[in-house]
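Here is the structure we will look at, set down as structure tokens.
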Amino acid sequence: MSKMRESLIMKVHYGTALGAVALVAIHILFRMTQDFSASLQYQSVIANYHFLPYALMLEVVLILLSVHGFNGLRVILLELKQGIGYERAVNYGCLGAMTALIVYGSRTILMAGVGMT
Amino acid sequence: MAAIGSKTSDEVSPTAVSSSNSITLRISKFNPKNDSSSKFVEFKVPVQKWTTVLDTILAVKQHLDPSIAVRYSCRQASCGSCGMKINGKPALACYTKISELNSNIVTVEPMNNFPILRDLAVDMTQMFSTHKKLKPYIIRDDSEVTNDTKEFLQTPKEVEDYLQFSYCIKCGLCNSACPTMATDSSFMGPQALTQAYRYVADNRDKGEKERLKIIDSSHGVWRCHFAGSCSKVCPKGVDPAMGIQLLRGYLLGFRK
């Protein structure tokens, strides 16, 4: 990550923000296809995960928000304190935490999708 | 001219300019070798409507306290030496008239985001070193000064692309006002980034790639939050905030 040009990282940052806004908007609009409280009931939520295109969209939202969020956190931490060791720890720590969150979230989406709940 | 004395003060309530034609000048005194913190010393200084803040500091230095450390030179906003915080805002002391401050208490402090050498004098080494790192000169293989080469002509439009950015006098006020510099000591700062833009935007220059590579780092152009304080305090009318955004345009591929 530290070897990547900052402009490439920021292009990804802006891109993931735009993508997340679009997909989260779709996600919210889906709540409006039925009564809002009903859309949040257990069976309704599980049905979303069983619907492959929707589950894939949730996976993409997870990736977009994780990448955007952890890069934002990385930037904040880099501005907070400086130093070679600290900056390396922040870069790799955020990369690791982002990967862990995506893996854990993907596992949840997959398990719900195949009915392991 | 009468001195109130060299007493320190924590609280002084500002009042409107009085008709007595004198002001209270509060100067921040700090010697990092001897003092643990800065303290304000007050002086009563007579002023005229054309008196500048630098005039009052030099009057105090000449008549009341010769130990005050202040950097100055041209007295006409050209050299960029006398940058300091005047009533909390970064400004050039030689370019700020007492009459425009609308207060009979004037507080002068060293600029933020620079190490203090003593009193009002700050260490600008890092700013100049960052400025130098960004190659603030025209880069190209040929030269207009060698024989048999022609002058590098520019149209008025081409000059306009960078002209305002070439007015920078390296006073450091923009860096002092920058909120990112307050927390990120490695941030290149608006001064250096603006000068990078000044040369990138110059069509005679061929060093765009080199410069963009330098500013495209974790403490480079992307750390600007676009607060705009740099542009607000510039005494020469340069707009560093815009220069930084335009530099981003080059890195994002919007500008060539």
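Protein chains get the first letters and strands the later ones, always in sequence-line order, with residue 1 at the start of each. All values derive from a computational prediction rather than experimental measurement.
For CD1 of A/Ile84, the number of neighbouring non-hydrogen atoms (other residues, nucleotides, ligands) closer than 6.0 Å is 12 at most. Surrounding NZ of A/Lys81 are at most 12 heavy atoms belonging to other residues, nucleotides or ligands under 6.0 Å away. Atom CZ of B/Phe114 has more than 12 neighbouring heavy atoms from other residues, nucleotides or ligands inside a 6.0 Å radius. Heavy atoms of other residues, nucleotides or ligands lying less than 6.0 angstrom from CD of B/Gln126 number 12 at most. Residue-environment remark: CZ (B/Phe30) exceeds the threshold of 12 foreign heavy atoms within 6.0 Å. Within a 6.0 Å radius of NZ in B/Lys89, no more than 12 heavy atoms belonging to other residues, nucleotides or ligands are found.
Looking at B/Ser217, the atoms closer than 4.5 Å to chain A (heavy atoms on both sides) all sit in the backbone: N, CA, C or O. For A/Leu78, the parts sitting under 4.5 Å from any heavy atom of chain B are the backbone and the side chain alike.
Residues B/Asp216 and A/Arg5 share a closest heavy-atom pair of O-NH2, 2.8 Å.
When only modelled atom types and interatomic distance are considered, A/Glu79 and B/Thr183 share no side-chain donor-acceptor pair under 3.5 Å. For the residue pair A/Glu6 and B/His219, no side-chain donor N or O sits within less than 3.5 Å of a side-chain acceptor on the partner.
At least one side-chain heavy atom of B/Leu252 sits under 4.5 Å from a side-chain heavy atom of A/Tyr14.
To the nearest 0.5 Å, atoms OG (A/Ser7) and CD1 (B/Ile215) are separated by 9.0 Å. Note that the CD1 atom of A/Ile9 and the OG atom of B/Ser218 stand 8.5 Å from one another [nearest 0.5 Å].
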